[in-house]
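Presented below is the structure to which this report refers.
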Protein chains: 2
Amino acid sequence: MDAIDRALLAELQRDATQSYAALGGTVGLSAGAAHERVRKLRERAVIRRTAAEVDPAEVGAGLLAFVTVESTSWMGDTAAAFAAHPEILEAHVVAGSASVLVKVRTATTEQLQDVLRRIHAIDGVNGTRATIVLETLLDRPVSPHTPGRP
Amino acid sequence: MDAIDRALLAELQRDATQSYAALGGTVGLSAGAAHERVRKLRERAVIRRTAAEVDPAEVGAGLLAFVTVESTSWMGDTAAAFAAHPEILEAHVVAGSASVLVKVRTATTEQLQDVLRRIHAIDGVNGTRATIVLETLLDRPVSPHTPGRP
DNA sequence: CCGGGGTGCCGAATGGGTTACGGCACACAC
DNA sequence: GTGTGTGCCGTAACCCATTCGGCACCCCGG
């Protein structure tokens with residue numbers, strides 16, 4: 001995991017469709033060497049997967065909301081309960097007053113309300129507080145940087 | 001934007017490295033037709049880009065936190081101020097008491113504190129409240145579904 | 001009923017890219 | 001100095017992306 005690996009990661013985060021020849025060109029490697037590096041990054045699961053990024057508004061998910069979920073019991077192993085609802089994109093166990101923070105995308109406020117209802121139905125859930133996003137200023141992947149210096 | 005397009009989007013979100021022949025096979029199309037469909041989806045910006053997904057812990061960003069930012073003035077056009085800090089991955093203008101909700105990834109709590117300090121320095125920012133993530137239960141892309149029925 | 005334009009798919013050809021392999025340079029240990 | 005390992009380059013073979021002609025189907029308008 002040196003500077004060349006980080007440059008490869010940054011390039012692949014920006015555009016994963018380019019050829020290995022072009023990729024090697026920008027980081028100063030041959031196509032074969034660049035391919036070998038990327039193969040190892042995938043093998044070590046530094047690159048989890050390479051996926052297409054879809055415009056949420058185009059697939060019926062133009063409304064974004066964050067929901068803090070209050071619960072009475074421990075929510076450490078309820079991932080499946082949240083995963084069962086496709087509108088729930090992220091679920092994090094958090095420190096603080098709320099137990100779980102959930103990111104939800106739906107098409108309408110009615111569908112959001114329906115998701116809230118289904119979250120309430122999850123075992124141990126005590127209450128929810130939804131915060132609706134009006135405008136997304138920024139949404140980008142993590143930037144690989146040198147350890148110790150952002 | 002029919003059922004085949006949605007199947008293509010779902011497949012490309014799962015794995016964008018597969019060949020167009022395999023892609024066409026899963027959706028019931030030839031390689032050429034699948035390629036043409038995907039090309040148009042990119043052209044219409046339904047597919048924003050295709051990128052490698054990097055393990056945050058491997059690039060010095062193992063700590064995840066959500067920060068609610070209180071402000072005195074309107075924060076509608078301060079995207080650049082947040083984008084200037086690479087640890088800030090998302091920034092959303094939200095309805096409710098807080099003005100902006102920010103998603104931050106750093107390596108350590110010290111670096112998180114430094115990010116909070118820099119957020120405070122942004123013009124108009126009045127206060128922050130950080131919520132640290134203990135465990136991520138779920139993190140996935142939007143699932144393309146038929147309009148009106150999740 | 002019957003052209004005419006348009007769209008979308010298939011099948012084949014070709015140019016480019018991916019990927020495997022031999023060889024070499026360098027670093028390190030003994 | 002010698003052996004071992006790692007990582008890179010150049011080349012070659014193969015596979016795949018991309019384009020093109022042709023055809024089937026649908027929707028209008030004559």
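Everything quoted here is computed from the prediction, not taken from an experiment. Below, chain A is the first sequence line, B the second, and so on; all start at residue 1.
- Ionic pairing of Lys40(B) and Glu43(B) is not present here: no N-O contact between side-chain nitrogen and carboxylate oxygen is shorter than 4.0 angstrom.
- Nucleotide dT18(D) holds its P atom 15 Å from the NZ atom of Lys40(B), rounded to whole Å.
- Judged purely by atom type and a 3.5 angstrom limit, Arg140(A) uses its side chain to pair as donor or acceptor with the backbone of Ile88(B).
- The distance from atom OH of Tyr20(B) to atom P of dG16(C) is 18 Å, rounded to the nearest whole Å.
- Using a 4.5 Å cut-off on side-chain heavy atoms (C-beta onward), Arg117(A) and Asp114(A) make contact.
- Atom C1' of nucleotide dG7(D) and atom CG of Leu41(A) are separated by 14 Å, given to the nearest angstrom.
- Rounded to a whole Å, the CE atom of Met1(B) is 18 Å from the P atom of dT7(C).
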Hey, can you pull the donor-acceptor pairs under 3.5 Å for the side chains in residues 56-68 of chain A, sequence neighbours left out?
{"residue": "Thr68(A)", "atom": "OG1", "partner": "Arg129(A)", "partner atom": "O", "Å": "3.4"}

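- We find that Arg49(B) and Glu53(A) are joined by a salt bridge, their nearest charged nitrogen and carboxylate oxygen being less than 4.0 Å apart.
- Using a distance-only test at 3.5 Å, with no hydrogens or angles considered, a donor-acceptor pair links the side chain of Gln13(B) to the main chain of Val142(B).
- For the pair Glu43(B) CD and dT18(D) P, the computed distance is 14 Å after rounding to whole Å.
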Within the sub-3.5 Å range, which N or O atoms of nucleotides 9-11 of chain C have a protein N or O partner, and how far apart are they?
{"residue": "dC9(C)", "atom": "OP1", "partner": "Arg37(B)", "partner atom": "NE", "Å": "3.1"}
{"residue": "dC9(C)", "atom": "OP1", "partner": "Arg37(B)", "partner atom": "NH2", "Å": "2.6"}
{"residue": "dC10(C)", "atom": "OP2", "partner": "Ser30(B)", "partner atom": "N", "Å": "2.5"}
{"residue": "dC10(C)", "atom": "OP2", "partner": "Ser30(B)", "partner atom": "OG", "Å": "2.8"}

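- For the OP1/OP2 pair of dA17(D) and a distance below 4.0 Å, the side-chain nitrogens and oxygens of His35(B) include no atom meeting the criterion.
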